[in-house]
Colleague: 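This is the structure, below, for whatever I ask next.
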Amino acid sequence: MQFVVQDSESHLLIRVGEARIDAAIATQFKDRLRAIVTRATKPVHLDLQHVDFMDSSGLGAVIAVRKALPDHLPLVLQALTPNVERVFRLTRMDSIFDIRPATPQEVQRQ
Amino acid sequence: MKPEERQNAGIKNRPSAHSLPMFHRVLKATPETVRDALGAVRARFRDEVAGDTLGRLELVLAEVMNNIAEHAGDHDEPGRILRPPLVHLWVVGHDGGLACALSDDGTSLPAECLLPRDLPQIGSEDLPEGGFGWYLIQDLTQELCYYREGSRNFLAFRIPPCDVAG
């Protein structure tokens, strides 16, 4: 399971290095990320630009991560690929999450 | 007409303009074998089918096969599967999209999975973490049908070629 965590002044950026968040790794993904975000003291940005595929178990894991964050802190999802964006749109979870494109700086750093 | 000419004769003697590949695989359904099969499906159709259609196909097949892997096997306690169901998967491309059929020797599919369904209730207090799978399957497929024959389940559906729902 690959994550890169960058702590900046305004937020905690977590880049997901897995290409697929599916039933084979959803539980592990959820547990690892929950352990990181429960200690968060600032908003969490989850960068999903490297995730090519997500199924409903992966969606459930992201929802669980959001619920693990302290109530007042937002979970921002950024740089969704088309397959991942589709799952959020079809389940109307795009209305629950703050979904943003990659920032130019973060695209450059790829 | 030679046999090979007959195969390529198409409809009303017009040569068939386009034939798409087909895919068949037999797998013992576990999250890992499902992942492998999805990769093979993608590789098989990548050159012939638009990326958006392929994405919808992959999502539906993932939901169906992971559901079989998780719920249709014999288990002695929840989550501990003694024997993964044996799944046959067929995907055939044609002008109307991708026709898919799956057969497995697991337990029966509960009837409620196939009833028209809504999304789980989204309350800001307590977000659902599951219950999306069959909604996605129903939303992304056409002509979804299921029957059980003896000890086997059969499920068939079609993935339309373009995302008409937007």
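A, B, ... follow the sequence lines: proteins, then strands. Residue 1 opens every chain. Every heavy atom of this structure was used, including side-chain atoms; hydrogens, water molecules and symmetry mates were not.
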Colleague: Heavy atoms, side chains only, cut-off 4.5 Å: are B:Asp105 and B:Arg83 in contact?
Modeller: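 A side-chain contact under 4.5 Å exists here.
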Colleague: Indicate the atoms forming the closest heavy-atom contact of B:Gly131 with B:Arg117, along with that distance.
Modeller: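 Heavy-atom minimum between the residues: O-NH1, 4.4 Å.
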Colleague: If the plane angle is over 60° it's perpendicular, under 30° parallel, otherwise tilted; pick one for B:Trp90 and B:His24.
Modeller: parallel
Colleague: Between B:Glu58 and A:Arg20, is the closest basic N to carboxylate O distance under 4.0 Å?
Modeller: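 A salt bridge is present here (some side-chain N lies under 4.0 Å from a carboxylate O).
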Colleague: Mind ranking A:Leu59, A:Asp71, A:Ile63 by heavy-atom pairs under 4.5 Å with chain B and telling me who comes out on top?
Modeller: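 Looking at each of A:Leu59, A:Asp71, A:Ile63 in turn, A:Ile63 comes out on top.
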Colleague: By a 4.5 Å heavy-atom criterion (distance strictly below it), what part of B:Leu136 contacts chain A: side chain, backbone, both, or neither?
Modeller: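 Side chain of B:Leu136 only, per the 4.5 Å heavy-atom cut-off to chain A.
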Colleague: Check whether B:Leu54 gets within reach of chain A through its side chain, its backbone, both or neither, counting any heavy atom under 4.5 Å.
Modeller: neither
Colleague: Side chain, backbone, both or neither: which part of B:Glu63 has a non-hydrogen atom closer than 4.5 Å to chain A?
Modeller: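 When you check distances to chain A, only side chain atoms of B:Glu63 fall under 4.5 Å.
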Colleague: Heavy-atom cut-off 4.5 Å, strictly under: side chain, backbone, both or neither for A:Asp55 against chain B?
Modeller: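 Both parts, heavy atoms under 4.5 Å.
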Colleague: Parallel, tilted or perpendicular: which fits the ring planes of B:Phe23 and B:Phe45, with parallel below 30° and perpendicular above 60°?
Modeller: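 Ring orientation, 0 to 90° scale: tilted.
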